[in-house]
Amino acid sequence: MSEAEARREREQVRRSWLLSLPALAILAVAAIGPLFIMVAYSFLTPGKYGNVEWLFSLEGWRGILWSKDIFSDEYVLADAHLTIFWRSVKLSILTTLTTLAVGFPTAWFIATRPPKSRALWLFLITIPFWTNLLIRTYAINEVIRIEGLLNTVLLKLGLLSAPLRLIYTDIAVFIGMTYVYLPLMVLPLFAAIDRFDMRLLEAGYDLYASRMQVLRRVILPIVKPGIVAGSILVFVPSLGAYVTPRVLGGGKQMMIGNFIELQFGQGRNWPLGAALSMALLLVVMVALLFYVRAATGEKQDG
């Protein structure tokens with residue numbers, strides 16, 4: 001490379017960075033800035049009436065798993081916190097598995113339709129995204145509440161003698177999150193299945209493989225990137241869900257997102273809320289690293 005070409009390349013790189021400066025500034029102020037504030041708050045002392053006092057403390061991080069006994073001032077295991085963590089992880093995993101179980105055959109059905117009707121099915125899948133999350137959650141509330149559509153129909157048909165009490169339970173939160181996040185599972189699965197070569201199925205059957213063997217050894221390994229991507233897209237927002245547990249759980253079935261909001265509100269413990277936020281962020285980062293590693297390994301194997 002000549003000196004003139006090297007100079008032009010350096011100028012082009014410099015120009016690209018200059019053009020990117022406004023976007024980088026907005027990203028730093030709107031995304032990285034608040035993140036640094038949360039990190040700083042997590043190492044400070046709680047204020048008496050909210051906010052923080054600028055004194056270094058690890059109480060916020062310690063409070064994630066431990067709480068101080070009001071009588072002896074000794075630290076004991078925070079059972080309530082662990083219950084909230086377990087509920088959040090449990091419901092997120094159940095939501096991910098259920099959306100996978102429902103979304104896989106749905107995506108397969110759409111991917112195997114003729115091209116003309118395929119666009120219509122995808123359109124129907126994306127329609128829920130046109131409506132606000134809060135409205136969709138209240139719609140589920142109207143379906144599963146005691147006097148809701150589900151109980152009314154089952155009572156009219158004589159299938160129930162008393163209405164089901166689903167609202168304000170873990171089951172209600174699970175149903176709501178499954179409905180809300182199902183399209184996030186279907187779309188990545190459809191993208192993976194759409195690229196699947198159907199002739200591989202014929203080859204598997206010609207080699208006397210059963211349907212289960214074809215599914216386990218042919219289909220699933222090829223569409224694995226779509227499964228991993230859909231699982232991440234469902235698990236991550238489910239873990240930090242706020243609106244759905246708030247509406248369908250009624251404040252009784254609290255998840256991590258609601259617990260964090262409580263610390264910045266009535267709890268007036270901003271360092272604990274910030275530490276919980278950072279802990280949740282670390283969990284999400286681990287999940288994303290798992291996805292990147294799985295996807296990269298899949299490409300290298302291919």
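Any value given below was found using the heavy atoms of this structure, including those in side chains, with hydrogens, waters and symmetry copies removed. None of the values given here were measured: they were computed from a predicted structure.
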Quiz item: Which word best sums up how the rings of Phe196 and Trp108 line up, parallel for under 30°, tilted for 30 to 60°, or perpendicular for over 60°?
Solution: tilted
Between [X] and [Y], is there a donor-acceptor pair closer than 3.5 Å when you use the side chain of the first and the backbone of the second?
X      : Y      : value
Gln213 : Ser210 : yes
Thr98  : Thr95  : no
Asn258 : Tyr242 : yes
His81  : Trp66  : no

Quiz item: With a 4.5 Å limit on heavy-atom distance, are the side chains of Val143 and Ile175 in contact?
Solution: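 Answer no - side chains too far apart.
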Quiz prompt | Within-4.5 Å side-chain heavy-atom neighbours: Val286 and Val283 | solution = no
Quiz prompt | Cation-aromatic face contact Arg113/Phe109, 6.0 Å, 45 degrees | solution =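 Judged by the rule (NZ or CZ under 6.0 Å from the ring centre, within 45° of its axis), Arg113 counts as positioned above Phe109.
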Self-check item: Nearest atoms (heavy-atom pairs only) where Tyr181 meets Ser238
Solution: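 Of all heavy-atom pairs spanning Tyr181 and Ser238, the closest is CD1-OG, 3.3 Å.
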Exercise. Could you tell me which non-hydrogen atom of Ile110 sits nearest to which non-hydrogen atom of Arg118, and how far apart they are?
Key: O-CG, 3.3 Å
Show me the side-chain donor-acceptor pairs of residues 157-164 shorter than 3.5 Å, one per line, residues at least two apart or across chains.
none

Please indicate whether [X] has more than 12 foreign heavy atoms, meaning atoms of other residues, nucleotides or ligands, lying under 6.0 Å from its [atom1].
X      : atom1 : value
Met198 : CE    : yes
Phe264 : CZ    : yes
Ile171 : CD1   : no

Self-check item: Check against ring pair (Phe, Tyr, Trp, His ring centres under 6.0 Å), Phe190 and Trp121
Solution: CA-CA 11 Å; Phe190 166 78; Trp121 287 108; over 10 Å; no
Review item, side-chain donor-acceptor pairs of residues 21-46, under 3.5 Å, at least two apart:
| unit_1 | atom_1 | unit_2 | atom_2 | d |
| --- | --- | --- | --- | --- |
| Ser42 | OG | Val39 | O | 2.6 |
| Ser42 | OG | Trp61 | NE1 | 3.1 |
| Thr45 | OG1 | Leu55 | O | 2.8 |

Quiz item: Can Arg8 and Glu11 be counted as an ion pair, charged N to O under 4.0 angstrom?
Solution: no
Quiz item: Step by step, would you call Glu147 with Arg145 a salt bridge (charged side-chain N to carboxylate O under 4.0 Å, His left out)?
Solution: CA-CA 6 Å; Glu147 296 86 8; Arg145 66 189 181 93; 3.4 Å; yes
